[in-house]
Each structure stands twice: as C-alpha cells, then as structure tokens.
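See below for the structure under consideration.
It should be emphasised that the depicted structure is a prediction, and the values quoted were computed from it without experimental measurement.
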Amino acid sequence: MHEVKVDTEKNRIYLMFAKIEGEEEMQVMLDKVIEACGQLKSGFSCLTDLRKYDPVDGIFEKYIKRAQETLIKAGMKRVVRIRRPMGSMGHYQFDNISYELGYHAPNVTSMEEGEALLDRMEKHE
C-alpha cells in the first residue's frame with residue numbers, strides 16, 4: 001500500500017511506497033504528492049519509506065522524477081529515505097533520479113532513525 005501523509009506542525013511530508021502494479025497507480029501517488037505539497041510551507045522536509053518498495057521498470061521512473069521535481073519546486077529542503085537493511089535495491093532508483101535533479105538524500109533503515117536525522121538536520125540550520 002502506498003501512502004502520503006503530511007504533518008503540518010513539523011512541516012514534513014511522509015511518502016510510503018510499496019510494490020507498484022502499474023502506471024495508473026504511479027499517477028495516483030503523484031497526484032497525492034502534488035496535493036500534499038499544497039499543505040506545506042517552503043522549507044519542508046520529506047521522509048520517504050522504501051522498505052516495501054521493489055524496483056520498477058524504467059517506464060515508471062518518469063513518475064518518480066515528476067514527484068521529486070514537484071517536491072523541489074514546492075520548497076523541499078531536506079529528505080531522508082528509509083530502505084530495507086538488506087536485499088532490495090529499490091532506493092537506488094530514487095537515488096539516481098535525485099542525483100540527476102541535483103540533491104542527495106541520506107538513507108537509513110528505520111522510521112525512528114529517519115525522524116531523528118531530519119530533526120537533527122533542522123536543528124542545525
């Protein structure tokens with residue numbers, strides 16, 4: 001299951017990806033990201049959970065790129081990705097696209113670790 005949540009108090013968006021079944025599903029997720037960005041102030045942070053995500057065919061990468069471009073244009077300042085400790089390389093698909101767009105997202109292996117890292121990043125600005 002895919003999910004997009006917003007915490008307006010923390011000014012943070014949470015993206016949870018699972019197995020992608022088709023382009024329609026990717027478009028729905030992209031639409032949710034666009035809608036959620038409207039609830040955030042510029043300078044927001046993003047926590048992307050890829051622990052249940054499996055790499056998809058290259059045709060889907062255009063949706064990942066559009067989502068990342070949307071986040072950047074909406075004012076995303078920090079992003080951390082949660083990946084599986086072992087096994088999947090799905091986060092590389094997101095990493096490669098973000099490098100192409102000019103930013104880097106550190107990878108962690110738990111929600112708690114991701115939250116703590118973003119909180120520390122925000123404190124040191």
Rounded to the nearest 0.5 angstrom, the CG-OG1 distance for Leu30 and Thr70 is 5.5 Å
| said: Within a 6.0 Å radius of atom CD on Glu35, are there more than 12 heavy atoms belonging to other residues, nucleotides or ligands? | reply: no
- Under the 3.5 angstrom rule, does the side chain of Glu113 hit a backbone N or O of Val108 as a donor-acceptor pair? no
inquiry  = Tell me whether Glu3 is salt-bridged to Lys52, with the criterion being a basic N under 4.0 Å from an acidic carboxylate O.
reply    = no
Check: Is there a chain of hydrophobic side chains (I, L, V, M, F, W, Y, each step under 4.5 Å between heavy atoms) that links Val28 to Tyr53?
Finding: no
* Asked: Do the side chain of His2 and the main chain of Phe17 share a donor and acceptor less than 3.5 angstrom apart?
  -> no
Please report the C-alpha distance between Asp49 and Tyr14 in whole Å, then the side-chain angles of each, then the deciding distance to 0.1 Å, and finally whether the side-chain contact (heavy atoms from CB on, under 4.5 Å) criterion is met.
CA-CA 8 Å; Asp49 188 347; Tyr14 296 85; over 6 Å; no
Interatomic distance, CD1@Ile20 vs CD1@Ile64, rounded to 0.5 Å, equals 7.5 Å
Hey, mind stepping through Lys73 and Gln68 against side-chain contact (heavy atoms from CB on, under 4.5 Å) and telling me if it holds?
CA-CA 9 Å; Lys73 288 178 186 174; Gln68 290 180 357; over 6 Å; no
Criterion side-chain contact (heavy atoms from CB on, under 4.5 Å) on Lys5 and Leu15, from CA distance to verdict = CA-CA 7 Å; Lys5 295 188 326 185; Leu15 308 176; over 6 Å; no
One should read off an interatomic distance between Leu71 CG and Cys46 SG, to the nearest 0.5 angstrom, of 5.5 Å
- Query: Stepwise, does the side-chain contact (heavy atoms from CB on, under 4.5 Å) test hold for Phe44 with Lys77?
  - Reply: CA-CA 6 Å; Phe44 66 90; Lys77 190 167 184 178; over 6 Å; no
In this structure, CG of Leu47 is separated from CE of Met111 (nearest 0.5 Å) by 5.0 Å
query = Distance-only, no hydrogens or angles: does the Arg81 side chain make a donor-acceptor pair with backbone N or O of Gly114 under 3.5 Å?
reply = no
Discussion item. Using a 6.0 Å cut-off, check whether atom CD of Glu21 has over 12 heavy atoms from anything other than its own residue.
Written reply: yes
The reported gap from CE in Met29 to CD in Glu24 (rounded to nearest 0.5 angstrom) is 15.0 Å
So the salt bridge (Lys or Arg N to Asp or Glu O under 4.0 Å) pairs with at least one residue in residues 8-18 (sequence neighbours excluded) are Lys10-Glu115, Arg12-Glu115, Arg12-Asp119, Arg12-Glu122
Rounding to 0.5 Å, atoms CD1 (Ile13) and OG1 (Thr8) come to a distance of 12.0 Å
Exercise. So, the side chain of Arg83 versus the backbone of Thr109: is there a donor-acceptor pair under 3.5 Å, distance only?
Worked result: no
Shortest non-hydrogen pair, Val6 vs Ala36, comes out as CG2-CB, 3.5 Å
Say whether, by atom type as modelled, one donor and one acceptor occur between the side chain of Asn11 and the main chain of Lys41 under 3.5 angstrom.
yes
